Amino acid sequence: MKVATWNVNSIRARQQPVIDWLDAVRPDVLCLQELKVGDEDFPFESIAESGYESAVFGEKTYNGVAIVSRYPLQDVERGLNDGQEDPQARLISACIEGITIFSAYFPNGGEVGSDKFDYKLRWMSRLRALLAKRFDPETDQVALCGDFNVAPWDEDVARPAEWRSSVLACDAVREALEDLASFGLQDVVRPFHPQGGLYSWWDYRGRGFERGNGLRIDHIYCTPRLAERAIGAIVDREERARKSPSDHAPVMVEFA
DNA sequence: ATGTCAGGCGTAGCCTGA
C-alpha cells in the first residue's frame with residue numbers, strides 16, 4: 001500500500017499535475033494540503049475519473065486539506081473537534097483499509113514569537129490531545145501525513161545556519177514535534193534516508209530549488225504497528241523540477 | 001532583509017500569506 005502526501009499550493013493551479021501524478025504513480029492514498037478552495041471548487045469528478053474517491057475539508061483562499069483514495073473512505077472527520085474554535089481548515093482524517101490516515105497542514109507560524117507562532121505551537125499540542133483521545137498507539141494503525149512545517153533535524157535542512165532560527169527549524173517547533181510524536185508516532189521516511197539531505201520543500205523566493213536550498217518539512221509519521229510495515233520511502237523531486245511546480249514535492253511511503 | 005508564487009478584488013495592480 002502506497003501512501004503519499006503533497007502540499008500542492010492551490011488545487012486549482014495544480015489540478016492537472018495532481019491527476020497526471022495519480023495516473024503515473026498510482027498511489028493508494030494521496031493526502032493533499034493547501035487546496036486554497038472551498039469544497040464546492042474541489043475537482044471531485046476529474047479525480048474520480050482516475051479511480052479515486054475524495055474526502056475534502058476546503059477553505060476559500062487559504063489552507064484546505066483532502067484525502068484521495070483508491071479504497072473506500074470511512075469515518076471521515078474534519079478539524080480538531082476539541083470544542084475550541086479553529087476557523088482554519090487544516091485537518092481531515094479517514095479510515096482506509098483499517099488504517100486511520102490524517103492529512104494535516106500545520107500552521108506555518110509566521111515569525112518566531114508572533115501570534116501565528118503561538119497558534120502553531122497550540123495547534124500541535126491540540127493535535128496531540130486529539131490523537132491521545134482517539135487512539136491507542138499500541139494497537140491502532142495511524143498515519144499522520146502532511147505539511148508539518150517543521151524540519152525535525154539539521155540533516156533535514158540544506159543550510160542549517162540560514163534556517164536554524166526560523167519557524168521551520170527552531171528548537172521550540174522541534175520540541176513541539178517531539179512532544180506530538182511522543183504520543184506514539186515515528187517518522188517512517190527518515191530510516192530509509194539516514195544520511196539526510198532529503199528535502200520536500202524549496203522556497204520560491206531566492207530560487208531555493210535551483211540552489212539546492214531545501215528542507216524536509218513534509219512527513220509521514222506512524223504508530224509502531226504500521227511503521228513496522230514500511231518498506232520504502234521516496235520524495236518525488238521531479239514534480240518540483242517541472243514547469244510551474246508547487247513549492248513542495250510529493251512524499252510517499254510504501255507499506256507491506 | 002526577501003529576488004517567487006497564488007488568490008482576492010475586480011479588471012490594474014496592490015495586498016496577504018507562505
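Sequence lines set the chain letters: A, B, ... in the order given, protein chains first and strands last, and positions in each chain run from 1. Owing to the predicted nature of the structure, the values given are computational and were not obtained by experimental measurement.
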Contacts table for residues 249-256 of chain A: side-chain donor-acceptor under 3.5 angstrom, sequence neighbours left out:
none

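- Taking atom P in both B:dG10 and B:dC15, one finds a spacing of 15 Å when rounded to whole Å.
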Atom pairs, protein N/O to nucleotides 12-18 of chain B N/O, distance under 3.5 Å:
{"residue": "B:dA18", "atom": "OP2", "partner": "A:Lys116", "partner atom": "NZ", "Å": "3.4"}
{"residue": "B:dA18", "atom": "N6", "partner": "A:Arg205", "partner atom": "NH1", "Å": "3.4"}

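- The side-chain hydrogen bond (donor to acceptor under 3.5 Å, both in side chains) contacts involving residues 91-104 of chain A comprise A:Gln33-A:Ser103, A:Ser93-A:Arg134, where partners must be two or more places apart or lie in separate chains.
- Rounded to a whole angstrom, the distance from the C1' atom of B:dG17 to that of B:dT2 is 14 Å.
- On the C1' atoms, B:dA12 is 15 Å away from B:dG7, given to the nearest whole Å.
- Residue A:Arg207 has a polar side-chain atom (N or O) positioned under 4.0 Å from OP1 or OP2 of B:dT4.
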Which donor-acceptor pairs under 3.5 Å do the side chains of residues 68-76 of chain A make with protein atoms, sequence neighbours left out?
{"residue": "A:Ser69", "atom": "OG", "partner": "A:Tyr71", "partner atom": "N", "Å": "2.9"}
{"residue": "A:Ser69", "atom": "OG", "partner": "A:Tyr71", "partner atom": "O", "Å": "2.7"}
{"residue": "A:Arg70", "atom": "NH1", "partner": "A:Arg26", "partner atom": "O", "Å": "3.4"}

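- Contact annotation: A:Arg14 reaches the phosphate of B:dA6 (side-chain N/O to OP1 or OP2, under 4.0 Å).
- The NZ-P distance, from A:Lys243 to B:dC5, rounds to 13 Å in whole Å.
- Nucleotides B:dA1 and B:dG13 place their P atoms 28 Å apart, quoted to the nearest Å.
- Nearest-nucleotide mapping onto DNA chain B: of A:Glu111 and A:Thr61, the residue sitting toward the 5' end is A:Glu111.
- As rounded to whole Å, 12 Å separates atom C1' of B:dT4 from atom CZ of A:Arg211.
- Considering only residues two or more places apart in sequence or on other chains, A:Glu238 meets the side chain to side chain contact (heavy atoms under 4.5 Å, CB included) condition with A:Asp236.
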Practice prompt. Take A:Glu239 and A:Arg14 through the test side chain to side chain contact (heavy atoms under 4.5 Å, CB included) and record every step on the way to the result.
Written response: CA-CA 11 Å; A:Glu239 282 304 318; A:Arg14 233 67 61 193; over 6 Å; no
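- With a 4.5 Å cut-off on side-chain heavy atoms, A:Phe106 and A:Asn108 do not count as touching.
- When the salt bridge (Lys or Arg N to Asp or Glu O under 4.0 Å) test is applied to A:Arg237, no partner is found at least two apart in sequence or on another chain.
- Going from atom CG of A:Asn213 over to atom C1' of B:dT2 covers 13 Å, rounded to whole Å.
- The nearest whole Å value for the distance from the CG atom in A:Asp41 to the C1' atom in B:dG8 is 13 Å.
- Distance A:Arg242 CZ to B:dT4 P: 21 Å, rounded to the nearest Å.
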